[in-house]
Every structure is written in C-alpha cells, then in structure tokens.
Amino acid sequence: MLQWYPDSYRIGLAPVLTLMMVVFAILVRLMIPEGNHAFQWPLNIAMGLIALLHLYLLVDDRVMKRSDALIYGMVHLCMAFTVWIFALMVVTGNDLF
C-alpha cells in the first residue's frame, strides 16, 4: 500500500465518486420529495466517470499492476452499479422509466 502513496488519489477517486452519488441522491430526495427525472443526469455522468477512472487505472501501469487494476475495477464497478441503481431509484421516486 505504501508503494501507491503518491498516486493514492487516483485509486481513491472512484470510491469517493460512488459516495458522492449516495450523498447527492439523499440530498435531492430531501429537497425534492416527489422525485424528478432531471436530477438523474449527474448520477449518469458520475457512473461514466467511475468507469473511465477504472479504465485509466487499467491503462496506466504506474499506479498499480494491470491485474490488480482489473480486479479492483471489476469489484468496484459491480458495487458502484448497485449504488447507481439505488441512487437512481431514490432520485426519480422509485421509478426508473
């Protein structure tokens, strides 16, 4: 873990974005209780950024080995997808379509 210290912000940025999706969904739900489909776009953009960050970690081998980045990306993208669906349901009022 100490070998990753100078580049630890690159590794931790994807989980921080996932946490920000949850906070955003809860804040939107508190402010606009009836749900609004316009607020799903920041969540969609955040999920795309998370996928791009994991792709960047996979391509850039200075941060971690590619096999480590692949496993980290697969595990985190599965969890982030679950959080993304939860956040979309909270923001849109339990209706995705």
Side-chain angles (χ1 to χ4, degrees):
M1 186 67 174
L2 292 177
Q3 69 205 18
W4 295 340
Y5 175 69
D7 298 314
S8 61
Y9 69 94
R10 293 178 190 165
I11 297 169
L13 194 57
V16 168
L17 279 173
T18 306
L19 179 66
M20 288 174 55
M21 283 196 305
V22 173
V23 170
F24 176 78
I26 292 171
L27 288 177
V28 166
R29 188 62 175 198
L30 289 174
M31 288 188 233
I32 303 169
E34 69 271 359
N36 191 350
H37 290 280
F39 289 106
Q40 72 183 359
W41 287 105
L43 297 172
N44 294 338
I45 291 169
M47 188 61 190
L49 283 175
I50 290 170
L52 287 176
L53 283 170
H54 282 296
L55 184 65
Y56 172 74
L57 287 176
L58 192 62
V59 170
D60 186 20
D61 59 351
R62 290 179 297 140
V63 178
M64 64 173 66
K65 291 190 286 186
R66 288 196 174 129
S67 60
D68 294 340
L70 180 66
I71 293 170
Y72 173 55
M74 288 189 320
V75 170
H76 183 257
L77 282 174
C78 289
M79 290 189 295
F81 180 77
T82 305
V83 169
W84 178 58
I85 294 296
F86 160 76
L88 283 174
M89 290 178 68
V90 168
V91 166
T92 60
N94 293 332
D95 184 22
L96 291 179
F97 301 107

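Note that the structure is predicted; figures quoted are calculated from it, not measured.
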So Phe86 and Met21, side chain to side chain contact (heavy atoms under 4.5 Å, CB included) or not? Walk me through it.
-> CA-CA 10 Å; Phe86 160 76; Met21 283 196 305; over 6 Å; no

Fit a plane to each ring of His76 and His54, take the angle between them on a 0 to 90° scale, and name the class: parallel (under 30°), tilted (30 to 60°) or perpendicular (over 60°).
-> tilted

Value rounded to 0.5 Å, distance of OG1 in Thr92 from CG in Leu43 = 9.0 Å

Are Leu30 and Ile32 connected, step by step, through hydrophobic side chains (Ile, Leu, Val, Met, Phe, Trp, Tyr) whose heavy atoms are closer than 4.5 Å?
-> yes

Quick one: do Ile26 and Val28 end up in the same hydrophobic cluster if we chain Ile, Leu, Val, Met, Phe, Trp and Tyr together by side-chain heavy atoms under 4.5 Å apart?
-> yes

Close side-chain approach of Leu27 to Met31, heavy-atom, < 4.5 Å = yes

Heavy atoms of Arg62 and Tyr56 approach each other most closely as NH2-OH, 3.9 Å

Using modelled atom types only, decide if a donor and an acceptor are shared between the side chain of Arg29 and the backbone of Val90 within a distance under 3.5 Å.
-> yes

Linking I/L/V/M/F/W/Y whenever any side-chain heavy atoms sit under 4.5 Å apart, do Val23 and Leu17 land together?
-> yes

For Pro42 and Phe39 the tightest heavy-atom approach is CD-O, 3.4 Å

State the CG-CE distance between Leu70 and Met74, to the nearest 0.5 angstrom.
-> 4.5 Å

Do Asp68 and Leu57 touch side chain to side chain, with heavy atoms closer than 4.5 Å?
-> no

Residues in side-chain contact (heavy atoms from CB on, under 4.5 Å) contact with Ile45, at least two apart in sequence or another chain = Leu49

Closest heavy-atom contact between Pro15 and Gly12?
-> CD-O, 3.3 Å

Calculate, to the nearest 0.5 Å, the distance between atoms OG1 and CH2 belonging to Thr18 and Trp84 respectively.
-> 12.5 Å

Give a yes or no on whether the backbone of Ile11 and the side-chain of Tyr72 come within a donor-acceptor separation of less than 3.5 Å.
-> yes

Should Ile50 and Leu55 be regarded as members of a common hydrophobic cluster, given that ILVMFWY residues are connected when their side-chain heavy atoms come within less than 4.5 Å of each other, either directly or indirectly?
-> no

Would you check if the side chain of Arg66 reaches a backbone N or O of Val59 as a donor-acceptor pair within less than 3.5 Å?
-> yes

Distance in Å, Leu58 CG paired with Leu52 CG, rounded so as to fall on 0.5 Å steps | 12.5 Å

When rounded to the nearest 0.5 angstrom, what distance separates CG in Asn44 from CG in Leu88?
-> 5.5 Å

4.5 Å side-chain heavy-atom contact, Arg10 and Asp60 = yes

Hphob cluster co-occupancy, Ile85 + Phe24, side-chain heavy atoms under 4.5 angstrom = yes

